[in-house]
S.K.: 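Can you keep this structure in mind? I'll have questions shortly.
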Amino acid sequence: MTTELTRRRLLATFGAVAGATMVTTGRAFGQNAQSKPAPQSAPTVISNPPRDFGPDAPPTTYFSDPDVLTIDPAFDGLIQANTSIKRLWTGALWAEGPAWNSQGRYLLWSDIPNNRQLRWLEDDGRVTVFRSSSNNSNGNTFDAQGRQLSCEHLTRRVVRYEHDGTITVIADAFQGKRLNSPNDVAVHADGSIWFTDPPYGGQLYEGAPDASGGPTNPAGRFNSKAGQPVGVGMLKRELPTNVYRVDPGGRIDLVITEEQVPDPNGITFSPDFKKVYVASTGKGPGDTGAGGKGEIYSFDVGTDNKVSNRKLFSECLIDGVKCGPDGLRCDVEGNLWVSSNAGRALGYSGATVWNPAGKLLGRIRIPEVCGNLTFGGPKRNRLFMAASQSIYALYVGTQGAAGG
């Protein structure tokens, strides 16, 4: 993703809505030429007045939601008829890292700048603060034992919350050098933990800038300790942006280098765990190299736990619009569901869905930039999208795969 499309450079997305009008010809704005046109009377994210996505909003769905767009007929088998996108909650500064807890039947996510984690309870839709402070946590997931894993910007580490309430540090350094700001995490079937380590948390809004002389504070103008607990704000970025694997015994290995995937962000496995997908997002704070370009790469995962056969899975360019990828999840058929950050291109943020060969099948439009997503619900057939200030949900016609 280019710098202009990163969420940190976003301007008010909704400023464009006031002048937008509903297209009533054969092709609606924001739809691919092969997609089915929405009913002319149904509101969309570019309608005037804007559609209300809230739980008490008037009905919008007559057979399929007008903002669930089929690009390829194969997408029809992945969507659920007669259901609509719902905004479950709003009130975050930047929502990230959604993860579903099957036993507790709740959705957990991070509100990074507010330094907290929140929880949506399925039984009554109540949202509560789950953990505060969260050390500006970003990505979250649950392992096969139901233990929560979190990537923390502030402490530059990955942690696991044990059943007895203690915290285990999974990784905070590699070869004696501190991590940058772990971003997203996925669990392999062999019990290993894979995580990405871009530099996005090394800034005032979502963590702490480097100590004086570091890449995000070269002149030392920022007081990196201001407002922080004792001991925070004393670190400088020391490592490239890599992807790491932590084996069940605790050994940390470098599996994907910055040269292979610059600024790695979202990560997930195929249903058979033989492939790993990594999003290369835009240039992070303090980057001096080329940085990511808003692309997704795939690798084969060998029995030796090493990756090979690097491929450019998708450039995430749709109708000439860069739909910058962030969070990734696979369904049980191996299709890749990707959160979409299209910046100011109204109608292209939300989620995109690709088959295992990298062909675009469909997309889901929501009126906010989407940072991450996950599958959940008791049947794992509900897509939850963490989007800027809000959480959205949509029932789908498939199930999420394990490991995400």
S.K.: Taking atom CD of Gln103 as the centre, does the number of heavy atoms from other residues, nucleotides or ligands within less than 6.0 Å exceed 12?
M.R.: no
S.K.: May I ask you to decide if Phe75's main-chain N or O and Asp72's side chain share a donor-acceptor pair within less than 3.5 Å?
M.R.: no
S.K.: Does NZ or CZ of Arg329 lie under 6.0 Å from the centre of the six-membered ring of Phe375, at an angle within 45° of the ring axis?
M.R.: no
S.K.: Evaluate the criterion side-chain hydrogen bond (donor to acceptor under 3.5 Å, both in side chains) for residue pair Ser340 and Ser349; output intermediate values, then yes/no.
M.R.: CA-CA 5 Å; Ser340 175; Ser349 287; 5.0 Å; no
S.K.: For atom CZ of Arg147, is the number of surrounding heavy atoms from other residues, nucleotides or ligands below 6.0 Å larger than 12?
M.R.: yes
S.K.: Do Gln399 and Glu333 get their side chains close enough for a donor-acceptor pair, meaning under 3.5 Å?
M.R.: no
S.K.: Could you walk me through whether Asn136 and Glu206 pass the side-chain hydrogen bond (donor to acceptor under 3.5 Å, both in side chains) check?
M.R.: CA-CA 6 Å; Asn136 298 111; Glu206 294 189 2; over 6 Å; no
S.K.: Are there more than 12 heavy atoms of other residues, nucleotides or ligands under 6.0 Å from atom CZ of Phe222?
M.R.: no
S.K.: Out of the candidates Ser280, Pro198, Pro240, only one should pair with Pro262 under the side-chain contact (heavy atoms from CB on, under 4.5 Å) rule; please name it.
M.R.: Ser280
S.K.: Keeping Asp300 on the side-chain end and Asn309 on the backbone end, is there a donor-acceptor pair under 3.5 Å?
M.R.: no
S.K.: Using the ring pair (Phe, Tyr, Trp, His ring centres under 6.0 Å) definition, which of the options Trp89, Phe384, Phe130, Trp109 pairs with Trp120?
M.R.: Phe384
S.K.: Can you list every salt bridge (charged side-chain N to carboxylate O under 4.0 Å, His left out) pair that touches residues 133-142, not counting sequence neighbours?
M.R.: none
S.K.: Using the rule side-chain hydrogen bond (donor to acceptor under 3.5 Å, both in side chains), only one of Gln117, Gln389, Arg116 pairs with Asp111; which is it?
M.R.: Arg116
S.K.: Just one of Val338, Val278, Asn265 clears the side-chain contact (heavy atoms from CB on, under 4.5 Å) bar with Ile296, so which one?
M.R.: Val338
S.K.: Using side-chain hydrogen bond (donor to acceptor under 3.5 Å, both in side chains), reason through Thr281 and Asp326 one step at a time and then give a plain yes or no.
M.R.: CA-CA 7 Å; Thr281 309; Asp326 195 327; 5.1 Å; no
S.K.: Checking side-chain polar atoms at under 3.5 Å, does Ser110 have a donor or acceptor matched by the opposite partner on Asn140?
M.R.: yes
S.K.: Any cation-pi pair here, Arg160 with Phe142, using under 6.0 Å and within 45°?
M.R.: no
